[in-house]
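Below: the structure, in structure tokens.
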Amino acid sequence: MPDDSIKKAPNFIRNIIRKDLETNKWDGRVQTRFPPEPNGYLHIGHAKAICLNFGLAREFNGSCNLRFDDTNPLKEEEEYIHSIIEDVKWLGFDIEGHVFYASDYFQQMYDYAVELIQKGLAYVDDLTADEIREYRGTLTEPGKESPFRNRSAEENLDLFIRMKNGEFPDGSKVLRAKIDMSSGNINMRDPVMYRVLHASHHRSGDQWCVYPMYDWAHGLEDSIEHITHSICTLEFEDHRPLYDWYLDALKIHHPQQIEFARLNLTYTIMSKRKLLQLVREGHVNGWDDPRMPTISGMRRRGYTPEAIRSLAERIGVAKRDSMVDMALLEFCVREDLNKNAPRYMGVLNPLKVIIINYPDHCEHLDCVNNPENPESGTRKVPFSREIYIEREDFREDPPKKFFRLAPGREVRLRYAYFIKCVEVIKDKKTGEIQQIHCTYDPATRGGDAPDGRKVKATLHWVSVHHALSAKIRLYDRLFTIPDPGNAEKDYLEYLNPGSLKTVEARIEPSLQGIEPGTRIQFERKGYFCVDSDSKDHRLIFNQTVTLRDTWAKLEQKK
RNA sequence: UGGGGCGUGGCCAAGUGGUAAGGCACGGGGUUUUGGUCCCCGGAUUCGAAGGUUCGAACCCUUCCGCCCCAGCCA
């Protein structure tokens, strides 16, 4: 229901499902699944797949299984299972209280393998891994048959049972499907179904010492769960004939596999291996570092589930390789946060202003919490003779089109008064501006001039003696080039050294006690999220994204 | 020289024989107590290229060109 506002564009998978519903191909059912391997954290690319699978199920009154494809105990860990479940839920999808595991089907998969052996469609091969590779042939040359290919069903069954019973060492034998060693599709050249692995599985423990390969296992998982549409990424297109072959050989429920192009985003990487390397080598501070394209990283950064779902809908679903502009993600984030994030004032790089004709006292001014949502009300913010403004909001020698404060110029302090700069105080040695003196017009209280005079800029501010200190982390793109994963040099060469900058900011006192995870806007600066490490006595904010800044863009052009 | 896919504006992407949706980005204008938001307006004589079929083609046919994936006992 949270997605009613997001317009659904047609895509080829939705079209297939519509047609299937019309023809009653699956008795009106839509059953999808999201099948991650628990060997890493989910990233924005997975989010696309999650939105697709869960979204389609929701749209057509079907359901979607969160299923762990945990068939390789060597790479999988419990930790990843927890993070994946958390991420799927956070994205706003309902797993209906069930989590599915491929490992729960190990016995049934084994039984099906026995069936194939009995049908003469699978055999135990004693070739070594190297030999299997040699026998496989190449992309242009056909492979050749293993000398063990024509063992009797009885012998194969005996051997396979003994493989399962742990009689053979790792790597000594495999079970293979007997298909076609000369197929142009390498996946069909007698693919391995089972390997011997004396490894402890995070769920099934030491119960098994043969583990199924992806192609064999995946179709069975789908079949067992009565999946109707098995949606996966493009690289599995070549595997579809094998997916079909296994299910046809067994004559069991046979879902339709449909492939779509995975998501690529500019200025980041999506490879699990590379993401893991960034974490392990300390280039970032963990999987949930706000610079990471992981769901946990984006959550900590302040991105919302709504924004990510909106992105997934806007980018569409197709079969061509593409590279989505990070600007689109940022747009989605701003779109959501603009509507929902309460506004506050915070000065990231303070410059002291003394209002010389303002009395030595304090008054509390009304500030609107969110102009996009009048119901969010107002709050009082203390104002006094000494305030901070943003250093970049003052120019002693303003360039053309710079509307902000400058000597002799009048601007508005948001929700406060008009002030005019009358003096600039500089450090005699360095020439650095230390503070500026202004006068204010008492008649403009609240920010409106009764005489109707206009001012070209409105500045945010904070009272020196009331302000809180806060640590603010400013994030920029993790990499310096759009496609670091496919560049000349190693992707690590393109890490952006300025991707994280920390500043000590002065912020309005109403932020005292704000809860970790809260998303706000610092007016005129951007959206920020209270970090999970933030404490009442030590507030920490992560910059989610800046506001659109046409002035900065103008200046950059020069 | 094998097999499987894909080519529509800067980035995504609808469209599947009737004369190029939409979004982001970009540019221009308006409103504005955030140079934010919001609101207008602007853009492909053209759909990888060349032929062909047709009254009519991005959609059908042919050839060519380009890009991606596949030779794990990973998923």
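Each chain gets a letter, A, B and so on, in the order its sequence line appears, and its residues count up from 1.
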Centroid-centroid under 6.0 Å between [X] and [Y] rings:
X        : Y        : answer
A:Phe160 : A:Tyr194 : yes
A:Tyr110 : A:Trp208 : yes
A:Phe34  : A:Phe68  : no
A:Tyr41  : A:Tyr80  : yes
A:Tyr243 : A:His239 : no
A:Trp216 : A:Tyr246 : yes
A:Tyr344 : A:Phe522 : no

_pair A:Ile227-A:Thr32: side-chain heavy atoms closer than 4.5 Å_ = no
Per the glycosidic torsion and the 90° limit around 0, nucleotide B:rG43 is anti
[N] [atom2] sits how many Å from [X] [atom1], rounded?
X        : N      : atom1 : atom2 : result
A:Lys8   : B:rG23 : NZ    : C1'   : 15 Å
A:Ile13  : B:rG5  : CD1   : C1'   : 14 Å
A:Asn15  : B:rA13 : CG    : P     : 15 Å
A:Asp483 : B:rG10 : CG    : P     : 18 Å
A:Arg14  : B:rG15 : CZ    : P     : 11 Å
A:Met323 : B:rA13 : CE    : P     : 12 Å
A:Met181 : B:rG2  : CE    : C1'   : 14 Å

Open item on the list: Within the 3.5 Å criterion, strictly below it, is a donor on A:Asp336 or A:Asn340 matched to an acceptor on the partner's side chain?
Closed with: yes
[M] and [N], which share atom name [atom1], separated by this distance in whole Å:
N      : M      : atom1 : result
B:rC73 : B:rG5  : P     : 23 Å
B:rC67 : B:rU8  : P     : 15 Å
B:rC64 : B:rA58 : P     : 23 Å
B:rU53 : B:rC69 : P     : 39 Å
B:rG3  : B:rU54 : C1'   : 35 Å
B:rA14 : B:rU1  : P     : 31 Å
B:rU45 : B:rA57 : C1'   : 15 Å
B:rG17 : B:rC55 : C1'   : 12 Å

For RNA chain B, the dot-bracket notation using Watson-Crick and G-U wobble pairs below 3.5 Å, [ ] for pseudoknot-type crossings and | for other-strand pairs, is .(((((((.[[[..)..(...]]].(((((.......))))).....[[[[[..)....]]]]])))))).....
Under a 4.0 Å heavy-atom criterion, the protein footprint on nucleotides 34-44 of chain B, written with B, S and -, is BBBB-------
Protein heavy-atom contacts under 4.0 Å, written 5' to 3' over nucleotides 64-75 of chain B as B (base), S (sugar-phosphate only) or - (none), form the string ----SBBBSBSB
Task: Cation-aromatic face contact A:Arg477/A:Tyr267, 6.0 Å, 45 degrees - done: yes
Geometric cation-pi criterion A:Lys420 and A:Tyr440, 6.0 Å radius, 45° cone: no
Q) Are A:Glu390 and A:Arg404 close enough for a salt bridge, meaning some N to O gap below 4.0 Å? A) no
Can you tell whether the side chains of A:Arg314 and A:Glu335 come within less than 4.0 Å, N to carboxylate O?
yes
Query raised in the report: Would one find a side-chain N or O of A:Lys319 under 4.0 angstrom from OP1 or OP2 of B:rG4?
Result: no
_Any A:Arg314 side-chain nitrogen or oxygen under 4.0 Å from OP1 or OP2 of B:rG23_ = no
